[in-house]
K.L.:
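A single structure is presented below for examination.
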Amino acid sequence: MGPDVAGGLAALGPTRWVTWSARDLAPLLAAGAALPRTWDVAEAHRLLHGGWRADPATAWAHARGLDPGALPAPVGDDLFAALSEDGDPDDLVRPDGYLRADAGAVWAGDSLARGLAWGRAALEVTRWQQERLERLGPRAVVTAHAESAAAVLAVELERDGLPVDRAALEELVRQAAGPRPLTEADEARTRAERDAPVLASVPGIGRVDLRNPAAVRSLLATAGVDVPSTRKSVLAEHVHRHPVVPALLEWRRRERIATTYGWRWLAEHVGADDRLRGAWTACDGAAGRMTAQAGLHNLPAELRPGVAAAAGHVLVRADLGQVEPRVLAVVSGDEAFAAASTAADLYEPVAQRLGVERPVAKIAVLAAMYGQRSGAAGEALRGLERAYPVAMGHLDRAQREGEGGRPVRTFGGRLVRTAFGAVGPGEDPGPLIRSRGRFARNAVIQGSAAELFKAWAVTVREAVRPLGGQVVLCLHDELLVHVPQEHGEEVARLVDESLRLSARRWCGHDRVRFVSDTSVVRRWSEAK
DNA sequence: GATACGGGCGCC
DNA sequence: AAAGGGCGCCCGTATC
């Protein structure tokens with residue numbers, strides 16, 4: 001018996017539903033409920049406090065001003081033990097003020113009073129969260145709404161899956177990994193066939209385990225190729241030195257498909273309805289991007305032709321252009337940089353102002369946001385600091401906060417903790433401090449971009465619903481919408497309009513331009 | 001047998 | 001001297 005959904009919800013006003021977590025809404029969503037507006041206590045908690053842990057007891061402790069580090073020990077999954085906790089089973093709050101450890105769910109067999117208490121507790125936390133977010137600024141509340149909707153979208157993405165052309169996908173896998181193995185012996189044979197060209201390229205080496213980097217390194221040494229590691233970028237420099245190197249690179253490509261995106265992956269993640277499904281989260285534990293499992297976020301480009309609309313449908317594919325520098329213009333409030341964003345290609349005016357070629361400007365801007373100091377970007381970076389001191393100052397400030405182990409906040413108010421890692425006694429703290437600084441410098445951009453993206457995605461979700469459209473993939477700056485083919489062009493228009501609306505709402509103004517490359521396609525691989 | 005970690009690499 | 005951020009996933013090794 002599953003949790004009673006009604007117990008996890010309480011109406012807040014006529015239109016926004018409060019939930020401890022969008023996960024609890026899965027049964028309603030499975031039944032086709034639209035749920036356009038929610039307040040997700042867990043997502044609001046993550047926004048306010050950072051990190052990923054956001055269970056009801058933790059959120060409750062914060063709302064009540066109790067030490068969240070001293071939470072009563074959870075009872076675990078044993079319901080009978082849980083139910084044996086002392087006191088009135090309908091009173092979910094302990095005498096010391098903490099939420100009872102067994103309050104993690106309300107079950108269909110529980111009393112109405114218990115369900116209502118569960119809902120009231122969520123409402124109490126919600127009111128406290130709203131008040132705290134308002135103090136952070138109007139954008140934080142807007143962001144909490146978008147993050148709440150994104151959590152619902154994550155449940156829908158899991159429910160709906162990504163449409164694939166099974167035959168095409170199987171053919172792509174076959175080309176790289178060989179035919180579908182029916183027995184273990186089959187599998188061993190195709191494995192040996194993949195290995196053979198590499199092993200044959202260096203005579204007289206006997207048995208070498210290509211899956212062991214150390215063994216590969218000594219194999220390369222035997223062939224006269226001395227490398228510090230066997231990474232692709234390192235090997236690429238030696239590609240003409242010996243045939244073993246290109247053979248190895250080709251082996252890696254095929255091995256990756258065979259192991260990660262091969263027959264087992266197809267069997268485990270592609271359903272009988274030709275949908276590829278994996279678990280989704282609305283935000284990771286770091287800067288707040290969405291995450292996806294089952295390869296949905298890192299599907300190799302060569303498999304993407306296998307992602308295709310179902311019969312009678314099309315995919316509307318939309319990519320945000322240069323989203324990170326545009327977000328930098330917003331979060332820093334740098335008016336000169338904002339002015340550059342009015343160009344369809346932001347790097348053009350930046351290059352002009354710096355007096356450098358466009359590729360140099362691009363590298364410099366990216367280096368500034370990633371915290372890179374080395375390489376060709378150095379000179380142009382100093383130019384950036386002169387031309388856009390407000391934007392660069394914002395990044396530098398974030399970096400200093402990170403170096404000090406202090407948290408930073410994204411534009412929408414998400415707390416990003418930087419006090420991670422530790423140095424052992426006698427160890428040089430320098431690398432850790434620097435990595436915290438780079439992380440923070442990037443997090444204010446990456447995290448803010450994630451907020452804008454999610455605000456866009458959930459706006460699209462609502463806009464396309466009347467046309468039978470489904471958001472089927474969110475990829476950091478790219479959206480795929482699956483829609484009946486007669487509505488393809490209209491949905492493309494709605495996607496672009498949603499970007500203008502959500503960007504203006506999230507920024508609070510429209511001085512920074514955001515652009516989308518939007519097209520109607522049959523296969524994911526067709527556009528761009 | 002389960003877990004943790006690093007090398008490596010796919011995507012953004 | 002310095003060595004770009006995030007995620008998920010595979011494999012191998014080392015460890016309990």
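Naming convention: chains lettered A, B, ... in sequence-line order (proteins, then strands); numbering from 1 in each chain.
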K.L.:
Could A/Arg53 and A/Asp55 be called an ion pair, given the rule that one side-chain N must be under 4.0 Å from one carboxylate O?
P.N.:
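The answer is yes: the pair qualifies as a salt bridge.
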
K.L.:
Check nucleotides 9-11 of chain C for protein N or O atoms closer than 3.5 Å to its own N or O atoms and list the pairs.
P.N.:
unit_1, atom_1, unit_2, atom_2, d
C/dC9, OP1, A/Ala294, N, 2.8
C/dC10, OP1, A/Arg264, NH2, 3.1

K.L.:
Within this structure, what is the CZ-to-P distance between A/Arg277 and C/dG8, rounded to whole angstrom?
P.N.:
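Checked: the CZ to P distance equals 21 Å.
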
K.L.:
If we count only N and O atoms by modelled type, under 3.5 Å, do the side chains of A/Trp251 and A/Asp195 hold a donor and an acceptor together?
P.N.:
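Judged by distance alone, the side chains do pair up.
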
K.L.:
Can you list the residues that meet the ring-ring contact (aromatic ring centres under 6.0 Å, His included) rule with A/His242, with sequence neighbours excluded?
P.N.:
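Applying ring-ring contact (aromatic ring centres under 6.0 Å, His included) to A/His242 gives none.
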
K.L.:
So, using ring-ring contact (aromatic ring centres under 6.0 Å, His included) as the criterion, who are the partners of A/His297 when residues are at least two apart?
P.N.:
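Listed in chain order: A/Trp280, A/His476.
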
K.L.:
Whole angstroms only, please: what is the CG-P distance between A/Leu172 and B/dG10?
P.N.:
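My rounded result for the distance is 16 Å.
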
K.L.:
Which residues pass the ring-ring contact (aromatic ring centres under 6.0 Å, His included) test with A/Trp524, not counting sequence neighbours?
P.N.:
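Applying ring-ring contact (aromatic ring centres under 6.0 Å, His included) to A/Trp524 gives none.
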
K.L.:
Would you mind listing every salt bridge (charged side-chain N to carboxylate O under 4.0 Å, His left out) that reaches into residues 496-505 of chain A, with sequence neighbours excluded?
P.N.:
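Of all non-adjacent pairs touching residues 496-505 of chain A, those that pass salt bridge (charged side-chain N to carboxylate O under 4.0 Å, His left out) are A/Arg493-A/Glu497, A/Arg504-A/Asp510.
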
K.L.:
Is it true that atom CZ of A/Arg191 has more than 12 heavy atoms of other residues, nucleotides or ligands lying nearer than 6.0 Å?
P.N.:
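Atom CZ in A/Arg191 is not packed in, count stays at 12 or less.
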
K.L.:
Considering residues, nucleotides and ligands other than A/Gln470, do more than 12 of their heavy atoms fall under 6.0 Å from its CD?
P.N.:
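Counting other residues, nucleotides and ligands, CD of A/Gln470 exceeds 12 neighbours.
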
K.L.:
Given the structure, check if the side chain of A/Arg252 and the base of B/dC9 hold any donor-acceptor pair shorter than 3.5 Å.
P.N.:
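There is none.
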
K.L.:
Side chain of A/Asn212: nearest nucleotide among C/dG12, C/dC7, C/dG5?
P.N.:
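Of the candidates, C/dG12 comes closest.
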
K.L.:
Expected output is a numbered-order residue list: members of residues 159-167 of chain A with a heavy atom under 4.0 Å from any atom of DNA chain B. What is it?
P.N.:
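Nothing qualifies; none.
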
K.L.:
Taking only residues at least two apart or on different chains, which pairs with a member in residues 400-420 of chain A satisfy side-chain hydrogen bond (donor to acceptor under 3.5 Å, both in side chains)?
P.N.:
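Applying side-chain hydrogen bond (donor to acceptor under 3.5 Å, both in side chains) to every pair that reaches into residues 400-420 of chain A, excluding sequence neighbours, yields A/Glu147-A/Arg414, A/Gln399-A/Glu403, A/Glu401-A/Arg406, A/Thr410-A/Glu451.
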
K.L.:
Which part of the nucleic acid does A/Arg304 contact within heavy-atom distance under 4.0 Å: base, sugar-phosphate only, or nothing?
P.N.:
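Sugar-phosphate contact only - A/Arg304 comes under 4.0 Å of backbone atoms but never of a base.
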
K.L.:
What residues form a ring-ring contact (aromatic ring centres under 6.0 Å, His included) with A/His238, not counting sequence neighbours?
P.N.:
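A/His238: no ring-ring contact (aromatic ring centres under 6.0 Å, His included) contacts found.
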
K.L.:
Reading 5' to 3' and counting Watson-Crick or G-U wobble pairs with both distances under 3.5 Å, write the dot-bracket notation for DNA chain C, | for bases paired outside the strand.
P.N.:
....||||||||||||

K.L.:
Applying salt bridge (charged side-chain N to carboxylate O under 4.0 Å, His left out) as the test, list every pair that has at least one member in residues 165-185 of chain A; sequence neighbours left out.
P.N.:
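Of all non-adjacent pairs touching residues 165-185 of chain A, those that pass salt bridge (charged side-chain N to carboxylate O under 4.0 Å, His left out) are A/Asp165-A/Arg523, A/Arg166-A/Asp274, A/Glu170-A/Arg180, A/Glu171-A/Arg174.
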
K.L.:
In terms of side-chain heavy atoms of A/Thr291, which of C/dC7, C/dG6, B/dG7 is nearest?
P.N.:
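Closest nucleotide to the A/Thr291 side chain: C/dC7.
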
K.L.:
Which of residues 230-243 of chain A have a heavy atom under 4.0 Å from DNA chain C?
P.N.:
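Correct list: empty, so none.
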
K.L.:
Please work out which residues in residues 404-419 of chain A have a non-hydrogen atom less than 4.0 Å from an atom of DNA chain C and list them by number.
P.N.:
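When residues 404-419 of chain A is checked for heavy atoms under 4.0 Å from DNA chain C, there are no hits whatsoever.
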
